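Read through the structure below, which is laid out as structure tokens, and then see the notes.
In this text, all values refer to a predicted model and were calculated from it rather than measured experimentally. Below, read A as the first sequence line, B as the second, and so on, with proteins coming before strands; counting in each chain starts at 1.
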There are 2 protein chains.
Amino acid sequence: MSHTLGIRQAQKQKTRQAFLDAALALLEEQSLSSLGLREVTRAVGVAPTAFYRHFRSTADLGVALVDEALGSLHPMVRTTVSATGDSEERITRAIELIARHVDAYPAHVRFIARERHGGVQPVREAIRAQLHRFAEEVKSELANDPEAAGWSDDDLLMLAHLYVDQMLITASLFLEALEAPAQERERVTQLAARQLRLISIGRSHWLD
Amino acid sequence: MSHTLGIRQAQKQKTRQAFLDAALALLEEQSLSSLGLREVTRAVGVAPTAFYRHFRSTADLGVALVDEALGSLHPMVRTTVSATGDSEERITRAIELIARHVDAYPAHVRFIARERHGGVQPVREAIRAQLHRFAEEVKSELANDPEAAGWSDDDLLMLAHLYVDQMLITASLFLEALEAPAQERERVTQLAARQLRLISIGRSHWLD
DNA sequence: TCATCCAGTTAACAACTGTTCTCTGGAATT
DNA sequence: AATTCCAGAGAACAGTTGTTAACTGGATGA
């Protein structure tokens, strides 16, 4: 059941979202550890002290951004991994999905790539936790595949992490190629496809 | 022929190295884009203006750190990839080498992982260039392997990039496990080994 | 020996930072 | 209608930042 928010709560959420949007925009050219509280409030058009009504610190804001960037992505991952069709079809479909996501939410992708190993510990931790969730989900989907017969749990999780990392590497490549000519984007697509193909081959001969 | 530096040049290089060391230490808990010039000079124990005798900006210092962290690593990579022995031996040797390097130079590894996608464009560019050099070197070593017969140049470079990225992922995992119990470090070792094993299997069936 | 060089110093600049306390005005509750 | 609540404003705090200009004193080269 969804309760309609009062005028007050609604306005507060709107301001909060404005903080997240402004921060994400500012973070295209710097890291979270150098993002100033006043800088964000200035971009939102609000008094510096208003910040504290929504976040304890910029690190806190960063954790919220992690949730926004990755939280809603879980269903997408599950359906992509478990998609039907032969191996080659699944590869091209997965890569196209990544490319579209980078096109649609470049700032989100940049934020995650940047802060995954960034200078703010709670944010690193939040990203690590989300990526681990992805890996577990990928693993449980892989387990449904007939090809996974005979695989140990550890090996399945190993493969899942390989896929998740590969997904991030590919997303980062597409991000770098965002403003590049279509030819460069195509090169990235082909590279990522062949890397996934090689992993797929290794996977099918794993138990030899 | 190595010319002995004058007292003056020697002292200058010493101070410069002190800047690099101090910056690297400060960067364990923040990103380069938030590193202040005064912060560094304070840590070195020198006047703020002395900074300009060595670097144009903190971004410039960052580029110098990239060279220090990755520049001397190229011979190591070549010999590791081209090492003799069967596939399994090579995998364990490569991983052990990475683990030792992370133990010996954790701050360097952290810096590269952090700034690879960080907020300072010239530094990102410098890291990208160095990693591309690594990939080219790995590729030229792979080409010497009899297993590479029939491989296209593009496919060799694709595999080389896969190895380089995997190397960075593994280094980053060891970094996170630096202060963890030996059991956790062993888990990382086993995980990395199996991932390399899977890639190796995919490699040997690539031309099927 | 003497003039030149130059790594590092000192002082000062306006601009910026995070955080505190107090206040306000409209929404929410009674 | 009267009261409480609370998102945001305003002002002020001590400290910080990058960059400038003019300097000092020991190494360097003629």
Length of the line joining [X]:[atom1] and [N]:[atom2], which is rounded to integer Å:
X       : N      : atom1 : atom2 : result
A:Leu37 : C:dT20 : CG    : P     : 11 Å
B:Arg38 : C:dA15 : CZ    : P     : 16 Å
A:Leu35 : C:dG18 : CG    : C1'   : 13 Å
B:Leu61 : D:dG18 : CG    : P     : 12 Å
A:Gln11 : C:dG26 : CD    : C1'   : 12 Å
A:Arg42 : C:dA15 : CZ    : P     : 13 Å
B:Gln30 : C:dT17 : CD    : C1'   : 15 Å
A:Phe19 : D:dA7  : CZ    : P     : 12 Å

Before you tell me yes or no, could you show the steps for B:His74 and B:Gln130 under side chain to side chain donor-acceptor pair (under 3.5 Å), namely the whole-Å CA-CA distance, both residues' side-chain angles and the distance that decides it to 0.1 Å? CA-CA 9 Å; B:His74 293 273; B:Gln130 291 274 11; 2.8 Å; yes
Rounded to the nearest 0.5 Å, how far apart are [atom1] of [X] and [atom2] of [Y]?
X        : Y        : atom1 : atom2 : value
A:His161 : A:Gln166 : NE2   : CD    : 14.0 Å
B:Asp103 : B:Arg185 : CG    : CZ    : 4.5 Å
A:Met158 : A:Tyr163 : CE    : OH    : 10.0 Å
B:Arg128 : B:Gln121 : CZ    : CD    : 9.5 Å
B:Leu162 : A:Arg194 : CG    : CZ    : 11.5 Å

Does anything in residues 43-59 of chain B come within less than 4.0 Å of DNA chain C? Heavy atoms only, and list the residues if so.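 When residues 43-59 of chain B is checked for heavy atoms under 4.0 Å from DNA chain C, the hits, listed by number, are B:Val46, B:Ala47, B:Thr49, B:Ala50, B:Arg53, B:His54.
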NA contact type, A:Arg16, heavy-atom cut-off 4.0 Å: base, sugar-phosphate, or nothing?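 Nothing, no nucleic acid heavy atom in range.
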Taking the side chain as every heavy atom from C-beta outward, state whether A:Asp154 and B:Gln190 have any pair of such atoms under 4.5 Å apart.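 They are not in contact (no side-chain heavy atoms under 4.5 Å apart), so the answer is no.
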Quick check: do B:Leu73 and B:Phe134 have side-chain heavy atoms less than 4.5 Å from each other?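 Yes, at least one pair of side-chain atoms sits under 4.5 Å.
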Taking atom CD of B:Glu136 as the centre, report whether more than 12 heavy atoms of other residues, nucleotides or ligands fall under 6.0 Å from it.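 Yes.
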Is a salt bridge present between B:Glu184 and B:Arg187, judged by a nitrogen-to-oxygen distance below 4.0 Å?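 Salt bridge between B:Glu184 and B:Arg187, a charged N being under 4.0 Å from a carboxylate O: yes.
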Check this for me: does any side-chain nitrogen of one of B:Arg124 and A:Glu176 sit under 4.0 Å from a carboxylate oxygen of the other?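 Not counted as a salt bridge, because no side-chain N and carboxylate O are separated by less than 4.0 Å.
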Find every protein N or O atom lying less than 3.5 Å from an N or O atom of nucleotides 27-30 of chain C, and list the pairs.
{"residue": "C:dA27", "atom": "N3", "partner": "A:Arg8", "partner atom": "NH1", "Å": "3.3"}
{"residue": "C:dA28", "atom": "OP1", "partner": "A:Ile7", "partner atom": "N", "Å": "2.8"}
{"residue": "C:dA28", "atom": "OP1", "partner": "A:Arg8", "partner atom": "N", "Å": "3.2"}

Hey, what bend do you get for the helix from C:dT19-D:dA12 to C:dT30-D:dA1 if you fit axes on five pairs at each end, rounded to 10°?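 Inter-axis angle at the ends, rounded: 10°.
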